[in-house]
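Structure first, commentary second.
We number each residue from 1, following the sequence as shown. What you are looking at is a predicted structure, and each value in this text was computed from that prediction instead of being measured.
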Amino acid sequence: MGRPEDKYVKLPAIIHATRIGYRYRSIKSDASGIDYDADTNIFFEPFRAVLERINGKPVDADKAHYLVSQLKLKLSGNDLGRAFFACLHSSIEGYRLIDFENPANNDFSVVTELPYANGEDSFRPDFTFLVNGMPLGFMEVKRENNKDGILAEHDRMHVRFKNEAYRPAFRPN
């Protein structure tokens, strides 16, 4: 983190995220397709470990990959994420994805610059917030009084929201 934005905005944001319960996870050594699913950005090992913990039954790597593929199908629909949202609140194939009754059983992580790709087009939000290995929110940050940067980012995000290929990443307006 050598740029002024990193020092004055990103680092304090990471510190704040850790203070409210998120664990910082470096993705420098993580590989797409191995450590996380390239299409959904779901991280396999945290996903697997938490499913095992909150469901009280063994979940091996193959089962975790299979469940991620089932979630990918839910995300590929044209329902603005409603099927995926239903899985978050209930389950998928009998596996709860989030423990709403005991939040301490969940894994809360934050990563920086996690790429979302669509062919030649891609974007990397400053922060992606993971719950149980699943990216459930992202945040862009800008330096104070950087009106042009904020407006430019707003315009870029508005264009992305219209791109149907990014529907698995976020729900458009």
Side-chain angles (χ1 to χ4, degrees), residues 13 17-18 20-25 27 30-119 121-140 153-154 156-173:
T18 61
I20 62 171
Y22 283 83
R23 177 182 47 85
Y24 174 71
R25 176 188 175 118
I27 60 169
D30 288 343
S32 173
I34 297 171
D35 297 299
Y36 61 93
D37 179 73
D39 296 321
T40 63
N41 280 354
I42 295 174
F43 284 77
F44 295 120
E45 182 50 29
F47 181 75
R48 185 208 62 75
V50 172
L51 287 185
E52 192 170 273
R53 182 170 60 240
I54 67 176
N55 289 286
K57 53 187 171 183
V59 177
D60 63 18
D62 289 339
K63 185 65 171 184
H65 281 77
Y66 170 75
L67 292 171
V68 168
S69 72
Q70 295 305 299
L71 290 173
K72 191 183 310 188
L73 290 174
K74 302 286 185 191
L75 288 164
S76 67
N78 200 16
D79 66 350
L80 301 178
R82 287 180 180 93
F84 175 71
F85 185 75
C87 291
L88 291 177
H89 280 276
S90 58
S91 66
I92 187 162
E93 299 198 10
Y95 289 89
R96 290 183 306 148
L97 300 175
I98 297 176
D99 189 342
F100 289 103
E101 295 165 12
N102 188 358
N105 281 335
N106 298 301
D107 177 80
F108 298 94
S109 300
V110 61
V111 299
T112 58
E113 305 287 335
L114 179 64
Y116 289 83
N118 173 30
D121 192 19
S122 68
F123 73 101
R124 295 183 313 185
D126 291 330
F127 299 99
T128 301
F129 295 91
L130 308 169
V131 177
N132 301 341
M134 299 176 290
L136 297 186
F138 68 87
M139 180 174 72
E140 289 287 335
E153 186 61 41
H154 174 271
R156 283 190 295 273
M157 290 178 97
H158 189 68
V159 169
R160 282 185 203 119
F161 286 169
K162 291 181 180 181
N163 185 342
E164 286 193 28
Y166 286 124
R167 284 203 173 175
F170 45 76
R171 181 182 159 184
N173 294 359

Report task. Working to the nearest 0.5 Å, report the span between CZ of F47 and CG of L67. Result -> 5.5 Å
Requested in this report: Could you pull out the closest heavy-atom pair between R124 and E140, with the gap in Å?
Outcome: O-OE2, 3.7 Å
Query - Partner residues of N41 under the side chain to side chain donor-acceptor pair (under 3.5 Å) criterion, sequence neighbours left out - result: none
Report all side-chain donor-acceptor pairs from residues 85-95 shorter than 3.5 Å, counting only partners two or more places apart or in another chain.
from: S90; atom 1: OG; to: A86; atom 2: O; distance (Å): 2.8
from: E93; atom 1: OE1; to: Y66; atom 2: OH; distance (Å): 3.4
from: E93; atom 1: OE2; to: Y66; atom 2: OH; distance (Å): 2.8

Requested in this report: Would you check if P58 and E52 make a side-chain contact, meaning some heavy-atom pair closer than 4.5 Å?
Outcome: yes
Report summary line: All heavy atoms of R48 vs all of A61, minimum pair found to be CD-N, 3.9 Å
Requested in this report: Please name all residues satisfying salt bridge (Lys or Arg N to Asp or Glu O under 4.0 Å) with D35, sequence neighbours left out, ordered by chain then number.
Outcome: none
Query - Heavy-atom check, side chain of D126 versus side chain of T112, under 4.5 Å - result: no
Requested in this report: Please list, chain by chain and in numerical order, all residues satisfying side chain to side chain donor-acceptor pair (under 3.5 Å) with N105, sequence neighbours excluded.
Outcome: D99
Report task. Quick one: list whatever passes side chain to side chain donor-acceptor pair (under 3.5 Å) with R25, sequence neighbours left out. Result -> D30
Query - With Q70 via side chain to side chain donor-acceptor pair (under 3.5 Å) - residues at least two apart - result: none
Query raised in the report: For the atom pair OG1 (T40) and CE (M134), what is the distance rounded to the nearest 0.5 Å?
Result: 10.0 Å
Report task. Test N132 against L97 for side-chain contact (heavy atoms from CB on, under 4.5 Å), laying out the working first. Result -> CA-CA 7 Å; N132 301 341; L97 300 175; 5.7 Å; no
Requested in this report: Assess whether side-chain contact (heavy atoms from CB on, under 4.5 Å) is satisfied between D37 and F44, documenting all intermediate values.
Outcome: CA-CA 7 Å; D37 179 73; F44 295 120; 3.8 Å; yes
Query raised in the report: What are the two closest non-hydrogen atoms of F129 and A17, and how far apart are they?
Result: CE2-CB, 4.2 Å
Report task. Sorted by first residue and then second, give each salt bridge (charged side-chain N to carboxylate O under 4.0 Å, His left out) pair with at least one member in residues 58-70; sequence neighbours left out. Result -> none
Query raised in the report: Can you list the residues that meet the ring-ring contact (aromatic ring centres under 6.0 Å, His included) rule with F43, with sequence neighbours excluded?
Result: Y36
Requested in this report: Take L75 and D39, measure what side-chain contact (heavy atoms from CB on, under 4.5 Å) needs, and give me the verdict at the end.
Outcome: CA-CA 10 Å; L75 288 164; D39 296 321; over 6 Å; no
Requested in this report: Name all residues meeting the side-chain contact (heavy atoms from CB on, under 4.5 Å) criterion together with A38; count only those two or more places apart in sequence or in a different chain, and write none if there are none.
Outcome: S32
Query raised in the report: Can you name the residues that form a side-chain contact (heavy atoms from CB on, under 4.5 Å) with I20, not counting sequence neighbours?
Result: H16, Y22
**Report entry** For P103 against F108, the heavy-atom pair lying closest together
**Finding:** O-CE1, 3.5 Å
Query raised in the report: What's the verdict on side-chain contact (heavy atoms from CB on, under 4.5 Å) for L71 and I42, showing C-alpha distance, side-chain angles and the deciding distance?
Result: CA-CA 10 Å; L71 290 173; I42 295 174; 3.9 Å; yes
Query raised in the report: Side chains of L130 and V111: does their closest heavy-atom pair fall under 4.5 Å?
Result: yes
Report task. Please list, chain by chain and in numerical order, all residues satisfying salt bridge (Lys or Arg N to Asp or Glu O under 4.0 Å) with R23, sequence neighbours excluded. Result -> D107
Report task. Could you tell me whether the side chain of N106 and the main chain of I98 form a donor-acceptor pair under 3.5 Å? Result -> no
